[in-house]
Amino acid sequence: MRRKYQQIKSTQVPDLLKQGAAIVDVRRPEEWQLTGVVAGSELLTFFDSQGQSQPGKWLQQLNNLVSEDCPLVLICRTGHRTGLICEFLIEVTSRIDIYNVSDGIWGWLGEGLPVARVNP
């Protein structure tokens, strides 16, 4: 049976973080500065401004930040990029608890949830 990741709404994120999940924001630095980030987020860009990525290098950096047995929440702007990254993680890792914030940071902001500012 194929492992799956879970689609969640931004409103579910705070409870997962309280339970010890790690959150990784995969957007680019200019996006973090524009909107702010969920407090406590690890900032780890996956796609550059041309849509290019280095999945192997990114995965290595992720594993240095978040142990493979820690529940992992991924957030981007709208949930599209993180959906692709979740599929990638299911294929190449043994991570079990992977969550995609399907409404992204826009959903988070739309709910009026707080953000932390990122210094340039």
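Sequential numbering from 1 along the given sequence is applied to the chain's residues.
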Please find the pair of heavy atoms, one from G104 and one from S10, that lie closest to each other, and give the distance. O-CB, 4.2 Å
With a 4.5 Å heavy-atom cut-off, do V13 and E111 have their side chains touching? no
If you group Ile, Leu, Val, Met, Phe, Trp and Tyr by side-chain heavy-atom gaps below 4.5 Å, do I90 and L59 land in one group? yes
Are I75 and I8 joined in one hydrophobic group, where the rule is that I, L, V, M, F, W and Y side chains link up if heavy atoms are under 4.5 Å apart? yes
Is it the case that over 12 heavy atoms from other parts of the model lie below 6.0 angstrom from the CD1 atom of I96? no
Identify the heavy atoms of L74 and C86 that sit nearest to each other, and give their distance. CD1-SG, 3.8 Å
Heavy-atom donor-acceptor pair, E91 side chain to F88 backbone, under 3.5 Å: no
Here the pair of heavy atoms bringing A21 nearest to V73 is CB-CG2, 4.0 Å
More than 12 heavy atoms of other residues, nucleotides or ligands under 6.0 Å from CH2 of W106: is that the case? no
Might you point out which heavy atoms bring C70 and A22 nearest each other, and give the distance in Å? SG-N, 3.8 Å
Considering only distance and modelled atom types, tabulate donor-acceptor pairs under 3.5 Å from the side chains of residues 33-46, sequence neighbours left out.
| from | atom 1 | to | atom 2 | distance (Å) |
| --- | --- | --- | --- | --- |
| T35 | OG1 | R27 | NH1 | 2.8 |
| T35 | OG1 | R27 | NH2 | 3.3 |
| T35 | OG1 | E31 | O | 3.2 |
| S41 | OG | V38 | O | 2.7 |
| T45 | OG1 | R27 | O | 2.7 |

Would you please say whether a donor-acceptor pair under 3.5 Å links the side chains of E68 and T93? no
Could you go step by step and tell me if V24 and L65 meet the side chain to side chain contact (heavy atoms under 4.5 Å, CB included) rule? CA-CA 9 Å; V24 176; L65 293 171; 5.7 Å; no
Check the hydrophobic clustering (I, L, V, M, F, W, Y; side-chain heavy atoms under 4.5 Å; chains of links allowed) and say if I98 and W58 are grouped together. yes
Same cluster for L17 and V115 if Ile/Leu/Val/Met/Phe/Trp/Tyr side chains link at under 4.5 Å? yes
Gap separating the SG atom of C76 from the CG atom of N100, nearest 0.5 angstrom: 6.5 Å
Going from CD on Q61 to CG on N64, what distance comes out if it is rounded to the nearest 0.5 angstrom? 8.0 Å
Between S102 and Q7, which heavy-atom pair has the shortest distance, and what is it? CB-OE1, 3.3 Å
Checking side chain to side chain contact (heavy atoms under 4.5 Å, CB included) for the pair V66/R95: CA distance, chi angles, key distance, verdict? CA-CA 11 Å; V66 180; R95 288 183 184 272; 3.9 Å; yes
Please check: side-chain N/O of W108 versus main-chain N/O of P114, any donor-acceptor pairing under 3.5 Å? yes
Chi angles and distances behind the side chain to side chain contact (heavy atoms under 4.5 Å, CB included) call for L72, L89: CA-CA 10 Å; L72 178 65; L89 291 173; 3.7 Å; yes
I23-V26 co-clustered via ILVMFWY side chain contacts under 4.5 Å: no
